[in-house]
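Below you'll find the structure, written out as structure tokens, and then a few comments.
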Amino acid sequence: MTTATGTAPSGPRAAGIHWDLSPLVPDAATARTRLDAALERSKAFESRYRGTVAGIDGPGLAAALAELAEIDNELSRVASYAHLRESVDVTSQENKDLAAAVDRALVQAGNALRFFDLEWLALDEDVARPLYDAPEVARDRHYLVAMRRFAPHTLSEPEERMLSERSPAAVSAWQTLFGQITSTLEVPFDAGEGEGVEPHTIDRLLAHVRNPDRDLRKHALEALYDGLEPQVDTLAHCYDTLVGDRLAMDGLRGYEGPMDPTHLRNELPGSVVEGMMDAVEKHYAIAHRWFRVKAGILGLDRLELHDQYAPIGEGRAVLYPEATGLIDASFGRFSPRIAEIAGGFFREHRIDAEPRTGKRGGAFCAPVSQDASPYVLMNFTDRMDDVMTLAHELGHGMHFALASAEQTALSAGTGLALAEVPSTFAELLAFDHLMEIETDPATRRSLISERVEGSFATVFRQTVLSRYEQRAYALRAEGGTLTAGRLSDIWFEENEKYYGDALALPERYRMGWSYIPHFISTRFYTYAYVFAHLSTLALYAEYRRRGSAFTDDYIAFLSAGGSKPPAELLGALGVDLDDPDVWEPGFAEMERMVEVAEAG
Ligand SMILES: [Zn+2]
């Protein structure tokens with residue numbers, strides 16, 4: 001197997017591995033000029049097309065979409081350039097100014113272009129149908145059809161305007177209050193790192209749940225509850241108000257259930273989602289089995305909540321050049337073409353891997369634009385985890401690259417239900433390869449436990465979260481106020497269903513709902529993670545079954561981007577969402593991983 005060519009030898013922590021943004025835009029001054037030009041073009045589009053959509057024909061619609069795609073490309077490219085620059089040097093004033101200019105321009109362009117969507121939505125179905133069926137717009141057919149799915153729930157323009165004008169006070173204010181409380185909350189805590197008692201934020205306390213020291217894990221969670229306790233009534237009130245508002249809006253917009261807007265956005269039928277969550281709940285026993293295995297490994301009779309993410313074994317160090325070689329080998333045995341696309345990130349300096357002052361944390365893959373290549377940011381710290389992160393982000397990268405090559409700018413992107421499929425699939429490819437070649441027992445143990453626990457945190461825990469939300473909305477719809485006490489009861493009951501008697505929940509975990517941001521920002525957001533993860537496991541089972549015959553279909557799936565709904569894209573790969581047993585291969589994969597872990 002060839003190594004990932006083009007990677008300069010790097011020292012520890014990927015020293016010197018910085019990206020080169022110059023192929024996107026040469027410099028900040030050029031970015032501003034191009035931004036202004038794109039904004040002018042958006043305004044020109046508005047003066048040319050406003051008021052004309054009702055009388056447009058197929059070729060006219062195709063011309064308008066082509067112009068929109070070009071504007072989208074240019075704005076995305078310049079905006080990505082600015083945000084990528086800022087993400088590796090958040091302190092630079094030039095970067096901040098450019099990012100702010102971009103944000104302003106995007107709002108202005110959005111205002112100029114919004115009429116087009118609204119006029120398209122306002123068309124009667126018998127006018128719209130011949131238009132979206134016109135051969136000239138075949139490549140954007142799904143985009144055009146899918147946009148109209150919100151039409152029956154869209155109000156008149158003055159009504160929509162009124163709602164959006166009042167949104168800062170009715171919605172954002174409560175979200176901001178929640179954010180302020182949870183992000184500024186600090187609890188005095190001694191993490192035993194020699195610094196004595198120090199103020200700890202929620203995130204900092206939660207990071208200790210992966211500490212090898214059991215007492216420290218326990219005390220960190222207790223400190224978290226100490227910090228949350230005085231705030232839970234206010235946090236519950238934020239949630240109660242938001243849920244009340246969402247239910248009222250649902251009534252005005254003619255939605256039948258509180259999950260309908262989310263299902264519509266994800267393009268998934270409610271029955272499929274409900275069937276999936278039922279199936280997940282039927283398989284909680286897989287988690288119970290793992291919790292017992294893990295208790296045995298840790299020498300405990302039974303796990304307590306603070307043991308859930310206790311590390312098992314420590315992975316060995318991996319330097320960046322080895323990591324890129326592992327990625328190349330993992331992807332290469334799946335498909336040389338996929339490895340070639342991943343190799344492009346290394347060769348063309350489209351990865352920024354070295355952690356340094358002023359660079360943002362975490363990792364992401366930026367699609368950039370349909371006419372440019374994607375970029376990856378990560379913070380490589382020589383851990384085996386970082387190899388998985390690299391695989392994950394490159395998984396997104398190959399999706400963006402392949403979809404951009406085949407689709408228009410308007411049809412390349414996918415919704416939330418499928419966005420995490422290629423990234424999770426890429427992690428599974430890397431995991432399988434590592435399990436075949438890795439000989440260090442502690443590294444193997446940590447790889448396996450992280451994979452198992454990662455799957456549980458996504459599939460099981462996110463289902464618990466969605467069930468909790470369903471009950472909260474139902475209670476509020478019946479007229480019940482969502483008090484901290486009621487939310488705590490629902491939260492604890494749903495969690496007990498998951499953990500069963502395999503893991504002991506402390507009484508104070510009743511407050512566990514209170515700091516979770518998804519409930520506040522976007523309702524029922526979390527089931528899309530479950531869907532994506534289970535879909536990926538099902539696809540991986542197909543790959544195991546069909547071997548290399550699966551590869552071309554998978555590449556076609558990536559290349560299709562968002563040009564079809566999720567059910568159609570997955571169906572072409574043998575994952576039939578109408579089959580009630582569709583998720584069984586996914587659970588079998590999870591079971592298999594627990595067996596591997598059990599065998600050590
Ligand atoms: Zn991702």
Side-chain angles (χ1 to χ4, degrees), residues 12-13 189-195 200-224 286-319 322-323 326 355 361-363 378-392 424 427-428 430-431 434-435 438-461 498-499 502-506 509 512 533 590 593-600:
R13 298 168 76 84
F189 184 69
D190 183 353
E193 288 155 352
E195 325 243 291
H200 272 57
T201 59
I202 292 178
D203 284 347
R204 198 166 163 202
L205 286 170
L206 285 173
H208 293 310
V209 301
R210 295 177 196 281
N211 196 290
D213 180 346
R214 190 171 195 226
D215 279 339
L216 183 75
R217 296 196 302 265
K218 184 174 163 56
H219 292 138
L221 283 187
E222 279 165 3
L224 173 68
I286 302 173
H288 300 166
R289 180 172 170 188
W290 167 248
F291 293 145
R292 293 194 181 101
V293 171
K294 183 161 184 171
I297 296 171
L298 295 173
L300 303 168
D301 289 337
R302 181 159 75 137
L303 287 192
E304 297 195 37
L305 186 67
H306 54 260
D307 301 317
Q308 182 172 209
Y309 298 114
I312 301 178
E314 187 165 344
R316 67 177 174 84
V318 184
L319 291 180
E322 187 192 351
L326 288 170
M378 68 171 301
N379 286 275
F380 196 89
T381 55
D382 303 337
R383 291 156 38 90
M384 200 48 100
D385 266 7
D386 298 325
V387 179
M388 293 312 236
T389 304
L390 190 55
H392 181 106
T424 313
E427 280 186 53
L428 291 173
F431 176 75
L434 284 165
M435 290 313 290
E438 183 57 47
T439 52
D440 175 48
T443 302
R444 292 178 63 86
R445 266 200 305 278
S446 97
L447 274 167
I448 297 166
S449 63
E450 273 168 36
R451 185 111 303 266
V452 168
E453 287 168 6
S455 281
F456 289 3
T458 308
V459 173
F460 292 139
R461 192 177 137 81
Y498 169 32
Y499 292 109
L503 184 146
L505 293 175
Y509 186 55
H533 202 94
M590 289 171 79
M593 272 189 272
V594 174
E595 275 160 23
V596 174
E598 231 170 351

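Worth saying up front: this structure is predicted, and the values here are computed from it rather than measured.
Residues F456 and Y498 have side chains in contact (heavy-atom distance under 4.5 Å, counting atoms from C-beta outward). Within the 4.5 Å cutoff, side-chain heavy atoms of S455 are placed close to those of M593. Residues E453 and K294 have side chains in contact (heavy-atom distance under 4.5 Å, counting atoms from C-beta outward).
Looking at every heavy atom in both residues, P311 comes nearest to L298 through O-CD2, 4.3 Å. Residues P355 and T381 share a closest heavy-atom pair of CG-CG2, 4.3 Å. Among all heavy-atom pairs drawn from F380 and V318, the shortest one is CE2-O, 3.4 Å. Closest approach of M388 to A430, counting heavy atoms only: SD-CB, 4.0 Å. In terms of heavy-atom proximity, G313 sits nearest to R445 at CA-NE, 4.5 Å. For the residue pair L428 and R451, the shortest heavy atom distance occurs at CD2-NH1, 3.5 Å.
With sequence neighbours left out, E595 forms a side-chain hydrogen bond (donor to acceptor under 3.5 Å, both in side chains) with no residue at all. Y309 pairs by the ring pair (Phe, Tyr, Trp, His ring centres under 6.0 Å) definition with nothing, not counting sequence neighbours. By the ring pair (Phe, Tyr, Trp, His ring centres under 6.0 Å) test, H533 is found to be paired with no residue, residues two or more places apart in sequence or in another chain being considered. H200 meets the ring pair (Phe, Tyr, Trp, His ring centres under 6.0 Å) test with F189, H208; sequence neighbours excluded. Scored by the side-chain hydrogen bond (donor to acceptor under 3.5 Å, both in side chains) test, R214 finds D307 as partners (sequence neighbours excluded). For the side-chain hydrogen bond (donor to acceptor under 3.5 Å, both in side chains) test, no residue two or more places apart in sequence or in another chain qualifies with T201.
Just one residue in the list D301, L305, L300 forms a side chain to side chain contact (heavy atoms under 4.5 Å, CB included) with L303, and that residue is L300. Each of V209, L221, N211, D190 was evaluated against L216; a single residue qualifies, N211, per the side chain to side chain contact (heavy atoms under 4.5 Å, CB included) test.
R13 CZ to R383 CZ: the interatomic distance, rounded to the nearest 0.5 Å, is 10.5 Å. L434 contributes atom CG, which lies 11.0 Å from atom CD1 of I448 (distance to the nearest 0.5 angstrom). Distance check: Q308 CD to L505 CG gives 9.0 Å after rounding to the nearest 0.5 Å. Between the CD atom in E427 and the CG atom in L390 there is a gap of 11.0 Å [rounded to 0.5 Å]. Taking CE from M590 and OG1 from T458, the interatomic distance works out to 8.5 Å, rounded to the nearest 0.5 Å. Note that NE2 of H392 and CG of D385 are 13.0 Å apart. Values are rounded to the nearest 0.5 Å.
Panel note: side chain R217, backbone R210; no donor-acceptor pair is recorded below 3.5 Å. Between the side chain of E304 and the backbone N or O of H306 there is no donor-acceptor pair closer than 3.5 Å. N379 contributes a side-chain N or O that, together with a main-chain N or O of G362, makes up a donor-acceptor pair within less than 3.5 Å. The closest donor-acceptor contact from the side chain of D382 to the backbone of L319 lies at 3.5 Å or more, if one exists at all. T443 contributes no side-chain N or O that, together with a main-chain N or O of T439, makes up a donor-acceptor pair within less than 3.5 Å.
Atom CZ of R204 is surrounded by more than 12 heavy atoms from other residues, nucleotides or ligands within 6.0 Å.
A donor atom on one side chain and an acceptor atom on the other are not found under 3.5 Å apart for E598 and W290.
Salt-bridge annotation for E322 and R316: present, with a side-chain N of the basic residue lying under 4.0 Å from a carboxylate O of the acidic one.
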Applying side chain to side chain contact (heavy atoms under 4.5 Å, CB included), run through E450 and F431 and close with a yes or a no.
CA-CA 10 Å; E450 273 168 36; F431 176 75; over 6 Å; no
